[in-house]
Amino acid sequence: MKPCYRDTMDPNIVLGLAKRRGFFFPSFEIYGGMAGMYDYGPLGSAMKNNIESLWRKNYVLHEGLSEIFSPIISPEEVFRASGHLAEFSDFSVQCQKCKQAFRADHLLEEVVDNPDSMSQKELGEAMVSNDIKCPSCKGELSEPVAVNLMFKTTVGPLGGRDGYMRPETAQAMFFNFHLLHRFYREKLPFGIVQLGKGFRNEISPRQGITRLREFNMMEAEVFFDPENKVWPGFAEVADLKLRLLPDGLEEQELSLKDAVSKGIIANEPLAYFMHVTKKILLAAGLDDKRLRFRQHLKTEMAHYAEDCWDCEALTGYGWLELVGVADRGCYDLQSHIDHSDAELTAFIRFPEPIEMEATVIVPNLSALGPLFKGKAGAIATRLGEMPCDGLDATMPIVLDMDGEEVTVPANCFTISQEIKKVSGKRIVPHVIEPSYGLDRIFYTVMDHNYKEDGEYVTLGLPIAIAPIKFGVFPLMTKDGLDDIASEVDKKLRQKGLLTYYDGSGTIGRRYARMDEAGTPFCITVDYESKEDDCVTIRDRDTKDQKRVKMDDLDKVAISLADSSLTFEAIG
RNA sequence: GCAGGUGUGAUCUAGUCUGGUAGGAUCCAAGCUUCCCAAGCUUGAUGCUCGGGUUCAAAUCCCGGCACCUGCACCA
């Protein structure tokens with residue numbers, strides 16, 4: 001069994017361990033399984049919760065972003081605005097001879113204008129009339145077939161509104177912007193997070209839990225005044241380094257400050273959240289040497305994005321994208337503004353109100369009304385909006401009202417000079433989006449922490465991530481040792497620590513079981529415990545043991561669990 | 001979706017070519033052993049991916065589905 005890539009884990013070994021120990025395994029297996037669907041087992045669910053807690057600790061507690069929780073099924077309009085409907089509805093053709101698949105609109109790009117806006121039927125006709133053949137073997141191509149990567153459903157049992165399972169959690173943070181901005185007392189910057197499931201009907205899911213059809217995300221949207229893109233914590237971390245692989249340049253280690261000042265990373269907040277990403281991934285136990293930030297190539301970056309970096313990890317599947325940190329500009333909010341009537345903007349107050357002298361047309365409604373009847377309102381609005389440069393107050397104004405020429409006599413308006421006080425301006429905020437693929441991070445945690453010494457397997461999980469914090473054993477299940485151990489186990493659970501009581505098999509076997517599950521510490525009650533009221537604590541990574549008074553055990557265990565105490569420092 | 005490969009207890013695997021009682025190892029469980037690093041002994045549980053066909057007889061041969069792996073395509 002060879003590793004897939006040099007110095008990286010064979011995924012089959014990780015998959016085997018995951019299944020054997022209840023981290024994760026294919027779903028619906030007794031019914032033949034379903035590609036792209038996995039279950040998290042008992043240890044996996046606990047570890048997934050721990051990764052989420054670590055993430056929340058950073059984003060919600062430390063950075064002060066707030067969490068929302070919104071529906072998975074969303075109406076079609078949301079995805080028309082987000083662009084997913086168009087993006088996910090490609091038409092694909094296949095070569096009859098060499099079986100290769102191509103996007104129909106791509107093949108027509110050279111010969112037709114705007115092929116991506118054509119219907120399935122139009123594309124098919126255009127393919128025939130332009131005599132399009134397979135680009136690689138010149139074979140005959142099939143009819144275009146719709147490829148929709150979103151799961152569609154109908155809301156209402158008797159048919160109703162079309163809906164889709166969201167392909168990302170982000171949209172709710174955009175279309176609720178007006179409420180969330182108000183929640184933040186109308187200040188910028190502020191940020192929102194959402195954790196939850198997203199769905200993509202992948203054509204061919206592969207590689208375990210790294211490309212699922214139903215997957216878990218942890219996303220943040222941080223909103224900024226585009227003219228003032230700063231984040232308060234930046235200065236503190238400006239000198240810390242990141243491993244960067246910029247588009248078109250060599251891989252290099254740069255401080256946040258230098259990367260921004262050299263224009264490699266577009267702005268400070270983007271660099272800041274890249275740093276936050278690195279911090280979280282290291283705390284989750286990923287190997288710094290196998291992490292890098294790769295900048296999206298100009299060609300792969302969405303056209304509206306200002307800059308985008310993927311945090312990638314080297315795993316048994318090669319380099320795997322775990323996190324995307326993107327500056328999406330104002331694209332998402334603007335798009336929802338365009339598709340709805342909502343005012344998803346922020347009002348930026350000037351330090352001092354600005355007084356501006358302006359020439360304005362003031363409609364005279366008492367003259368307009370009788371003359372134009374029902375159209376008077378629309379005409380008055382148009383007059384108020386039109387530029388007044390060079391207008392003569394004594395001449396009639398000619399308007400084009402939906403193709404109809406309307407002459408407004410001079411008595412229907414006046415032109416006057418006004419002083420306008422402007423106290424601020426309305427802007428569409430820019431957004432920086434750190435988006436984390438939880439399942440991929442989960443996989444990489446196992447990949448990077450798998451250690452083998454001969455046959456002996458240890459999962460070196462950090463205690464914050466480890467599903468079980470302490471194994472609790474009686475050396476023998478008799479002479480009352482088991483009662484004492486049960487008592488210890490119960491006490492630790494009451495303190496909120498997940499333990500695993502095990503009295504079966506030899507002591508070595510029990511340590512081995514816990515090592516493979518990634519449990520950092522084991523507590524053993526032995527015969528001496530009955531004399532000295534002490535138990536041993538054994539460290540997974542060094543196999544060293546220390547004796548601790550049972551009365552102090554709570555405190556020691558809690559401190560070990562929150563990493564405020566190290567094993568070496570136990571007195 | 002296409003092409004190729006693979007599918008035997010929870011895991012790794014022998015058996016498939018050449019049809020005839022499914023075997024081993026690990027793990028798991030119960031027990032013995034004053035048992036601190038997968039020791040030993042006894043006992044036990046769990047399996048041929050699913051469906052159809054050929055045959056007296058199918059893990060084995062044929063057809064189809066499903067899943068996994070690799071490549072292609074796809075990857076907001």
Side-chain angles (χ1 to χ4, degrees), chain A residues 1 4 10-13 15-22 25-37 41 79 82-90 92-103 106 136 142 145 147 149-150 166-168 170-171 198 200-208 210-211 213 300-305 308 317 321 324 326 328 331-332 433 435 437 453-458 471 473-479 481 503-516 522-528 530 535-540 542-545 547:
Chain A
M1 207 173 291
C4 288
D10 179 347
N12 288 325
I13 292 177
L15 260 34
L17 172 63
K19 193 170 185 181
R20 201 167 61 245
R21 285 293 172 194
F25 37 76
S27 296
F28 316 116
E29 219 179 17
I30 68 163
Y31 293 111
M34 188 171 251
M37 309 278 188
F79 302 114
S82 71
H84 288 103
L85 204 59
E87 290 290 341
F88 277 59
S89 301
D90 302 329
S92 181
V93 293
Q94 196 178 28
C95 174
Q96 314 283 13
K97 202 165 125 200
C98 72
K99 302 297 182 194
Q100 276 198 66
F102 304 92
R103 273 179 60 170
H106 286 182
S136 69
S142 70
V145 179
V147 176
L149 296 185
M150 282 196 291
R166 65 183 180 200
E168 58 174 28
Q171 293 309 318
R200 272 198 241 164
N201 210 349
E202 293 281 354
I203 295 172
S204 134
R206 292 272 171 87
Q207 307 187 320
T210 67
R211 215 165 132 214
R213 288 199 164 116
E300 82 184 293
M301 196 152 59
H303 61 92
Y304 50 81
C308 183
Y317 294 120
E321 302 169 30
R328 299 173 61 92
Y331 175 82
D332 302 278
E433 176 188 82
S435 171
D453 184 6
E455 294 280 279
Y456 199 92
V457 174
T458 303
F473 316 142
L475 189 62
M476 302 281 290
T477 42
K478 57 181 185 183
D479 303 326
L481 298 187
S504 101
T506 63
I507 192 73
R509 178 174 299 281
R510 285 178 265 165
Y511 286 141
R513 277 196 276 256
M514 286 293 100
D515 287 347
E516 203 184 30
C522 292
I523 295 165
T524 303
V525 175
D526 56 22
Y527 281 93
E528 277 174 63
K530 298 213 284 191
V535 293
T536 59
I537 298 188
R538 175 258 196 192
D539 175 54
R540 175 193 63 207
T542 60
K543 299 188 170 33
D544 290 344
Q545 296 191 2
R547 288 191 81 78

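Given the structure is predicted, the values throughout are model-derived calculations rather than measurements. Just so you know, these numbers use all the heavy atoms, side chains as well, and skip hydrogens, waters and symmetry mates. Sequence lines set the chain letters: A, B, ... in the order given, protein chains first and strands last, and positions in each chain run from 1.
- Applying the Watson-Crick and G-U wobble criteria (two distances, each under 3.5 Å), U55(B) pairs with nothing in any strand.
- Here Met150(A) contributes atom CE and Leu85(A) contributes atom CG; the two are 5.0 Å apart, rounded to the nearest 0.5 Å.
- For the pair Tyr527(A) and U34(B), the ring geometry qualifies as stacking, because the centroid separation is below 5.5 Å while the planes lie within an angle under 30°.
- Within 4.0 Å (heavy atoms only), Asp526(A) reaches at least one base atom of the nucleic acid.
- Of the possible polar contacts, none joining the Asp479(A) side chain to the Leu481(A) backbone as a donor-acceptor pair under 3.5 Å is found.
- When the P atom is compared between U55(B) and C62(B), the two are found 16 Å apart, to the nearest whole Å.
- Here, C75(B) and U18(B) have their C1' atoms 47 Å apart, quoted to the whole Å.
- Among the nucleotides A38(B), G1(B), C35(B), the one closest to the side chain of Arg206(A) is G1(B).
- Distance check: Asp332(A) CG to Gln171(A) CD gives 6.0 Å after rounding to the nearest 0.5 Å.
- Across all strands shown, U46(B) remains unpaired; no Watson-Crick or G-U wobble contact has both distances below 3.5 Å.
- The same atom, P, is picked in C48(B) and in A59(B); the two are 10 Å apart, to the nearest Å.
- Within 6.0 Å of CE in Met37(A) there are more than 12 heavy atoms belonging to other residues, nucleotides or ligands.
- Taking the side chain as every heavy atom from C-beta outward, Thr536(A) and Asp526(A) approach each other to under 4.5 Å.
- Comparing the P positions of G52(B) and U70(B) gives an interatomic distance of 32 Å, to the nearest angstrom.
- Between the C1' atom of U70(B) and the CD atom of Gln207(A) lies a distance of 10 Å, rounded to the nearest Å.
- The partner of C2(B) is G71(B), by the rule that a Watson-Crick or G-U pair needs both atom distances under 3.5 Å.
- The phosphate of C28(B) (OP1 or OP2) has a side-chain N or O of Arg513(A) nearer than 4.0 angstrom.
- Base pairing of U21(B): no nucleotide in any strand meets the Watson-Crick or G-U wobble criterion (both distances under 3.5 Å).
- With values rounded to the nearest 0.5 angstrom, Leu475(A) atom CG is found 10.0 Å from Glu528(A) atom CD.
- Across all strands shown, the partner of G40(B) is C32(B), judged by Watson-Crick or G-U wobble contacts whose two distances both fall under 3.5 Å.
- Atom pair Asn12(A):CG and C12(B):C1' shows a separation of 11 Å (rounding to whole Å applied).
- The base of C36(B) lies close enough to the side chain of Tyr511(A) for a donor and an acceptor atom to sit less than 3.5 Å apart.
- One distance of note links CG of Asn201(A) with CG of Leu149(A); it measures 7.0 Å at 0.5 Å rounding.
- Ser82(A) comes within 4.0 angstrom of nothing in the nucleic acid, heavy atoms only.
- Taking the C1' atom of each, C63(B) and U54(B) are spaced 11 Å apart, rounded to whole Å.
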So which protein N/O to nucleotides 8-11 of chain B N/O distances come out below 3.5 Å?
residue	atom	partner	partner atom	Å
U11(B)	OP1	Lys19(A)	NZ	2.8

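- Distance alone, capped at 3.5 Å, is enough to place a donor-acceptor pair between the Arg213(A) side chain and the Ala35(A) backbone.
- Side-chain atoms of Lys543(A) lie closest to C37(B) of the nucleotides C37(B), C74(B), G1(B).
- Residue Gly208(A) is classed as a sugar-phosphate contact, given heavy-atom separations below 4.0 Å to backbone atoms only.
- G64(B) and G7(B) have their C1' atoms separated by 16 Å, given to the nearest Å.
- Separating the CZ atom of Phe28(A) from the C1' atom of U49(B) is a distance of 17 Å, rounded to the nearest angstrom.
- Using a 4.0 Å heavy-atom cutoff across all strands shown, Val535(A) reaches no nucleic acid atom at all.
- Evaluated for a side-chain hydrogen bond (donor to acceptor under 3.5 Å, both in side chains) with Asp515(A), the options Arg538(A), Arg510(A), Arg540(A) yield exactly one hit, Arg538(A).
- One can place CD1 of Ile507(A) at 17 Å from P of U33(B), the figure rounded to the nearest angstrom.
- Put simply, the side chain of Met476(A) reaches to within 4.5 Å of the side chain of Tyr527(A), judged on heavy atoms.
- In a base pair of the Watson-Crick type (N1 to N3 plus N6-O4 or O6-N4) or a G-U wobble (N1-O2 and O6-N3), with each distance short of 3.5 Å, C66(B) is matched with G7(B).
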* Asked: Given the rule in the side-chain contact (heavy atoms from CB on, under 4.5 Å) test, do Ser504(A) and Arg513(A) qualify, once you have shown the distances and angles that lead to the verdict?
  -> CA-CA 11 Å; Ser504(A) 101; Arg513(A) 277 196 276 256; 3.6 Å; yes
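- Partners of Tyr511(A) under the ring-ring contact (aromatic ring centres under 6.0 Å, His included) rule, at least two apart in sequence or in another chain, are Phe473(A).
- Going from atom CE of Met34(A) over to atom C1' of G65(B) covers 13 Å, rounded to whole Å.
- The side chain of Ser504(A) sits closest to A29(B) out of C37(B), C74(B), A29(B).
- With a cut-off of 3.5 Å on both pairing distances, C27(B) has no Watson-Crick or G-U wobble partner at all.
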Could you list all N or O pairs between the protein and nucleotides 39-44 of chain B that sit under 3.5 Å apart?
residue	atom	partner	partner atom	Å
A39(B)	OP1	Arg509(A)	NH2	2.9
A39(B)	OP2	Thr506(A)	OG1	2.9

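- Distance, Phe25(A) CZ to A67(B) C1': 16 Å, rounded to whole Å.
- Contact check for Tyr456(A) versus Glu516(A): no side-chain heavy atoms found under the 4.5 Å cut-off.
- Comparing Gly33(A) and Tyr456(A) by the nucleotide of RNA chain B that holds the closest heavy atom to each, the one mapping nearer the 5' end is Tyr456(A).
- Between G53(B) and A30(B), the distance separating the two C1' atoms is 45 Å to the nearest Å.
- Between the C1' atom of C36(B) and the CZ atom of Arg538(A) lies a distance of 9 Å, rounded to the nearest Å.
- Nearest to the side-chain atoms of Ser204(A) among the listed nucleotides C37(B), A38(B), C72(B) stands C72(B).
- With C35(B), A38(B), C37(B) as the candidates, the nucleotide lying closest to the side chain of Gln545(A) is C37(B).
- Taking for each of Gly503(A) and Ala512(A) the nucleotide of RNA chain B with the nearest heavy atom, the 5'-most of the two is the partner of Gly503(A).
- Here the separation of C74(B) from G9(B), taken at their P atoms, is 36 Å to the nearest Å.
- Protein atom CE of Met37(A) is 11 Å distant from nucleotide atom P of C68(B), rounded to whole Å.
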